[in-house]
Undergrad: 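Before anything else, here's the structure in question.
Values below: every heavy atom of this structure, side chains too, minus hydrogens, waters and symmetry copies. All figures in this text were calculated on a predicted structure; none of them were measured in a lab.
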Amino acid sequence: MPVAAAKQPQAVIQEFKMNRMLVVVFDNETAAVAGTRALRQLDAEAGISLYAMGVIAKDAHGKISLKQATGQEPVGTSVGFGVGALIGLLGGPAGAAVGAVTGTLVGALRDYWVAGVGLDFVEEAETFLKPGKVAVIAEIDEDWITPVDSRMEAVGGVVFRRERSEVADARFDRDIAAFKSEITDLQSEFEQASGDAKLKLKTKVAAARHRLDEAVKRAKHRVEALDHEAKDKLTALEHQLSKAKGDVKTKLDHRVKAMRSAYQGRSAKLKQAWELTKEAVAG
């Protein structure tokens with residue numbers, strides 16, 4: 001169900017805590033367009049930071065179509081990956097094709113780590129995105145949820161949100177550890193085998209090493225993509241700050257400082273994780 005309203009926090013919230021994916025479900029496209037205008041207005045007021053947004057519709061047969069997609073300017077190509085991925089997840093195979101229109105990573109739309117949400121969130125949103133409904137998919141930063149909730153409810157939207165996270169970290173680590181363990185076991189058996197059994201085990205070892213290499217490549221891609229995305233978001237906020245005035249400028253300055261701090265911490269964490277991954281594979 002939609003998240004209940006919360007009090008405005010007093011302290012600076014780290015970027016990864018206020019970065020969220022939104023799915024707002026409406027009864028029709030007219031209401032959804034009103035919802036996109038409300039989100040843009042909140043962004044202009046610095047009530048939120050809006051990075052990317054798309055509007056999708058589900059027809060009577062359950063087919064998903066893309067009605068609208070936008071990113072904030074100036075941004076790099078990585079901003080919008082999460083929205084495109086979530087569109088693909090909500091729409092299934094048809095949605096994945098639609099998501100490609102947003103310019104997201106080809107072949108990665110089905111990966112939950114790109115969207116940064118879990119299966120339960122996708123299933124919850126799908127329950128409300130019934131045939132005939134229209135949904136606004138967005139990635140935002142918000143300090144508190146009341147501004148978005150109140151404005152979406154005013155135009156007939158039902159809001160679902162989830163903190164965006166690196167949900168695949170543990171899976172990558174488990175995969176790499178499992179492949180290494182498999183190779184160790186196969187190698188041990190290979191050294192004791194002979195004849196046809198030895199030849200078969202040699203093939204299995206090679207296949208396991210290939211799977212390990214692919215897992216490492218995915219981990220490296222994850223690190224690079226998250227780093228690029230964070231840089232692009234910071235660039236978008238700094239551009240908005242350069243044009244802002246008054247209270248909006250004050251709010252944005254606060255958010256930019258919080259993101260810079262969070263980016264530095266995240267960058268260090270990702271680099272450390274990648275170094276540990278390389279060490280684990282080499283060991």
Undergrad: Look only at the side chain of T235 and the backbone of K231, and say whether a donor-acceptor pair between them is shorter than 3.5 Å.
TA: yes

Undergrad: Would you say the side-chain atoms of K58 pair up with the backbone N or O of I64, donor to acceptor, closer than 3.5 Å?
TA: no

Undergrad: Taking a hydrophobic cluster as the set of Ile, Leu, Val, Met, Phe, Trp and Tyr residues connected by side-chain heavy atoms closer than 4.5 Å, whether directly or through intermediates, do L234 and V248 fall within one such cluster?
TA: yes

Undergrad: Does atom CD (E214) have a neighbourhood of more than 12 heavy atoms from anything else shown, all under 6.0 Å?
TA: yes

Undergrad: Looking at R20 and D141, is there a salt bridge between them, counting it only when a charged N and a carboxylate O are closer than 4.0 Å?
TA: no

Undergrad: First locate atom OG1 of T36, then atom CD of E29, and finally report the distance between them rounded to the nearest 0.5 Å.
TA: 9.5 Å

Undergrad: Any salt bridge linking E142 with R161? Criterion: basic side-chain nitrogen under 4.0 Å from a carboxylate oxygen.
TA: yes

Undergrad: Is a side-chain donor or acceptor of Q240 paired with a backbone partner of S49 at a separation under 3.5 angstrom?
TA: no

Undergrad: Are V148 and V155 connected in a single hydrophobic cluster, I mean Ile/Leu/Val/Met/Phe/Trp/Tyr linked by side-chain heavy atoms less than 4.5 Å apart?
TA: yes

Undergrad: What is the distance from atom CD1 of I137 to atom CD1 of I87, rounded to the nearest 0.5 Å?
TA: 6.0 Å

Undergrad: Just wondering, more than 12 heavy atoms not from K200 lying within 6.0 Å of its NZ?
TA: no

Undergrad: Kindly check if the number of other-residue, nucleotide or ligand heavy atoms within 6.0 Å of CG (D120) is above 12?
TA: yes

Undergrad: Could you tell me whether a side-chain N or O of S242 sits under 3.5 Å from a main-chain N or O of H239, the two making a donor and an acceptor?
TA: yes

Undergrad: With side-chain contact (heavy atoms from CB on, under 4.5 Å) as the test, would you mind laying out the steps for D143 and R255 before giving the verdict?
TA: CA-CA 9 Å; D143 298 320; R255 192 167 292 155; 3.0 Å; yes

Undergrad: Using a strict threshold of under 4.0 Å (side-chain N to carboxylate O), is an ion pair present between R260 and E238?
TA: yes

Undergrad: Are K133 and F26 in a cation-pi contact, defined as NZ or CZ under 6.0 Å from the six-membered ring centre and within 45° of the axis?
TA: no

Undergrad: As a test of understanding, state which of K249, K251, K245, R151 forms a salt bridge (charged side-chain N to carboxylate O under 4.0 Å, His left out) with E45.
TA: R151

Undergrad: M53 vs R40, test: side-chain contact (heavy atoms from CB on, under 4.5 Å). Steps then yes/no.
TA: CA-CA 10 Å; M53 179 167 58; R40 289 196 187 97; 3.8 Å; yes

Undergrad: With the threshold set at 4.0 Å, does a side-chain nitrogen-carboxylate oxygen contact exist between R209 and D213?
TA: no

Undergrad: Of all heavy-atom pairs between Y51 and L237, which one has the smallest distance, and what is that distance?
TA: OH-CD1, 3.5 Å

Undergrad: Any chain of hydrophobic side-chain contacts (each under 4.5 Å) joining L90 to F128?
TA: yes

Undergrad: If I compare all heavy atoms of L186 with all of K204, which pair ends up nearest, and what's the gap?
TA: CD1-O, 3.8 Å

Undergrad: Verify side-chain contact (heavy atoms from CB on, under 4.5 Å) between V122 and V117, making sure each step is shown before the conclusion.
TA: CA-CA 8 Å; V122 176; V117 297; 4.1 Å; yes

